[in-house]
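Predicted model only: the values in this text are computed from it and were never measured.
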Amino acid sequence: MPDLSLADVERDALDTLIEFGNIPCLSPMFDEHWEESGHIEAAIQLLADWARQRSIADAHVEIHRLPERTPVLTVTVPATSATTGTCVLYGHLDKQPPLGDWSEGLDPYVPVRRGDRLYGRGLADDGYSVFAALLALESLEAAGRAHARCVVLIEASEESASSDLEAHLDALTDHLGQVELMICLDSGALTYDRLWVTSSLRGNVNVRVKVDVVPRALHSGLASGVVPSSFRVLRQLLDRVEDAETGKVLLPELFTDIPDEHVEAARALTEEFGDVAAEGLEVLDGVRLMGKSAVKRQLRRTWRPALSIIGMGGIPEPAIAGNVLRTSTTAVLSMRLPPTVPSDVAADAMVDVLSADPPEGAHVSVTVDSRGDGWVAAARAPWLASALVAASRDAFGRDPGFIGEGGSIPFLAELGRRYPGCQFVATGLIGPDANAHGIDEMLHLPTFVGVTNAVATIVAAHAVSASKS
């Protein structure tokens, strides 16, 4: 099989990947003026220009646009085998914000290489994807290996729950054709020593809750103890959603029965690798993790709902806090959902419970900011099961690993609905110390090379299988 090396990546892709890292192309959820700022446009033009330079026969590069939607990049490569179906290779170019202060010598938008690690926002999540996909196809053609018709699809709203993608998929239905294989390059890796394939992903709902009590701030000596605190009302509302003592989500609509095979997979995973859900989590001395065992923690991370408060508004910084009863308090709730719980059902349940009978007569507004369904991999065809083993052995010298992830990739759920007979491979570079969405995000370069070679093996195996069917 093709054997891409780190030197090849350094020669053909690294400079452009670093240039991409310089661009603060925040997802629309974090930059409502994304169109005016031009960062997403700069990023997609950069990637399109790099794609046009690849030595891939008859590749067609196009930027697709819809009104008031972020653009989508496609690179369409004609089949070199006697196949009629399409292989889609997916990634995204939009980024999360920096989150906080990065470590000394690191900057979210100034990529820094330290040995085999490249630091910068959006490199592992998910700027590398277009490079991996096209380098894999380029290596196949250079080696004379056949592949089906391939469409590399790079969107720009994934970090906003792929809010613009469904409209683009509607517009691209005829262009994509019959999708037989879907390779998603936006998932995680437990280790960097093998190809990791994701078996399930949680869904997600983000809900904004605002509590108003007075039209303007009042002196606390005058109003406190008489006018209800907006923060206290918010606490009461949150207690409807989550048990404050245990962290258990209280809405039955957000739970599902965990399939036996996923329970057994979690058990086997922890027997081989230990407490994988706790691995790499930096907590302060004395902080106790939730879950009574390694298996239960893994299942909590992958098949149980969990609430995080990811944003607060209406609360001054401590340095400027005054003795006032504030007008309002706002919280943004991020609810991770089990893979099979529909996000619209979860969103409706959250809105209903948070809106009903506001405490103390406070004015409560509840808005769903974003939502996305989870995903469970369908049964793998025999050819794909064999190809994954061969891909991991060829690229890493070890058998592949399979793991449920706690994150969300709404695109997979949407494609699963559109193409129920499609075979899915979800993999990626978000492994130990990758810090996606956090400070000091890192891309592990040797794994970038390994995943790219593995993708080439899988695409070639699909062509062989499709030609026989």
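Remark: the backbone N or O of M350 is not paired with any side-chain donor or acceptor of D352 at under 3.5 angstrom. Side-chain atoms of Y90 do not come within 3.5 Å of backbone N or O of V152 as any donor-acceptor pair. Checking side-chain atoms of E317 against main-chain N and O of A319 turns up no donor-acceptor pair under 3.5 Å. Between the E253 side chain and the A349 main chain, no donor and acceptor come within less than 3.5 Å of each other. Looking only at distances, no side-chain donor or acceptor of T16 sits under 3.5 Å from a matching main-chain atom of W50. Put simply, the side chain of R240 gets close to the backbone of V353: a donor and an acceptor are under 3.5 Å apart. Although no hydrogens or angles enter the test, the distance criterion places no donor-acceptor pair under 3.5 Å between the side chain of R300 and the main chain of P305.
Side-chain atoms of S129 and H92 include no donor-acceptor pair closer than 3.5 Å. Looking at H437 and D125, their side chains do bring a donor and an acceptor atom within 3.5 Å of each other. T427 and S187 share no donor-acceptor pair across their side chains, judged by distance under 3.5 Å alone. N206 and S334 form a side-chain donor-acceptor contact under 3.5 Å, judged by distance and modelled atom types alone. Side chain to side chain, R208 and T330 fail the donor-acceptor criterion of an N or O pair below 3.5 Å. Between the side chains of E155 and S162, at least one donor N or O lies within less than 3.5 Å of an accepting N or O. Using modelled atom types and a 3.5 Å distance limit, the side chains of S157 and D94 yield no donor-acceptor pair. A donor-acceptor contact under 3.5 angstrom links the side chains of H64 and T74, judged on distance only.
Using a 4.0 Å cut-off between charged nitrogen and carboxylate oxygen, E62 and R52 do not count as a salt-bridge pair. The residues E271 and R267 are annotated as not salt-bridged, no charged nitrogen and carboxylate oxygen being separated by less than 4.0 angstrom. Salt bridge E272/R194: present, at least one basic N to carboxylate O contact under 4.0 Å. Using a 4.0 Å cut-off between charged side-chain N and carboxylate O, D170 and R418 make a salt bridge. Salt-bridge formation is detected for the pair R297/D275: a Lys NZ or Arg NE/NH1/NH2 atom is positioned less than 4.0 Å from an Asp or Glu carboxylate oxygen.
Partners of A346 according to the side-chain contact (heavy atoms from CB on, under 4.5 Å) rule, which considers only residues two or more places apart in sequence or in another chain, are V205, L254, L337, V341.
For the pair Y128 and L443, the tightest heavy-atom approach, listed with the atom from each and the gap, is CB-CD1, 3.5 Å.
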Evaluate salt bridge (charged side-chain N to carboxylate O under 4.0 Å, His left out) for D107 paired with R121, printing each intermediate quantity in order. CA-CA 8 Å; D107 184 285; R121 173 58 86 226; over 6 Å; no
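Identified under the ring-ring contact (aromatic ring centres under 6.0 Å, His included) test for residues 280-333, with sequence neighbours left out: H262-W303.
Across T329, L238, V211, V209, a single residue satisfies side-chain contact (heavy atoms from CB on, under 4.5 Å) together with V233, and that is V211.
A ring-centre distance under 6.0 Å is not found for W196 and F402.
Within the 4.5 Å cutoff, no side-chain heavy atoms of R371 are placed close to those of V207.
K95 forms a cation-pi arrangement with F20, by the criterion of a distance under 6.0 Å to the ring centre and an angle within 45° of the ring axis.
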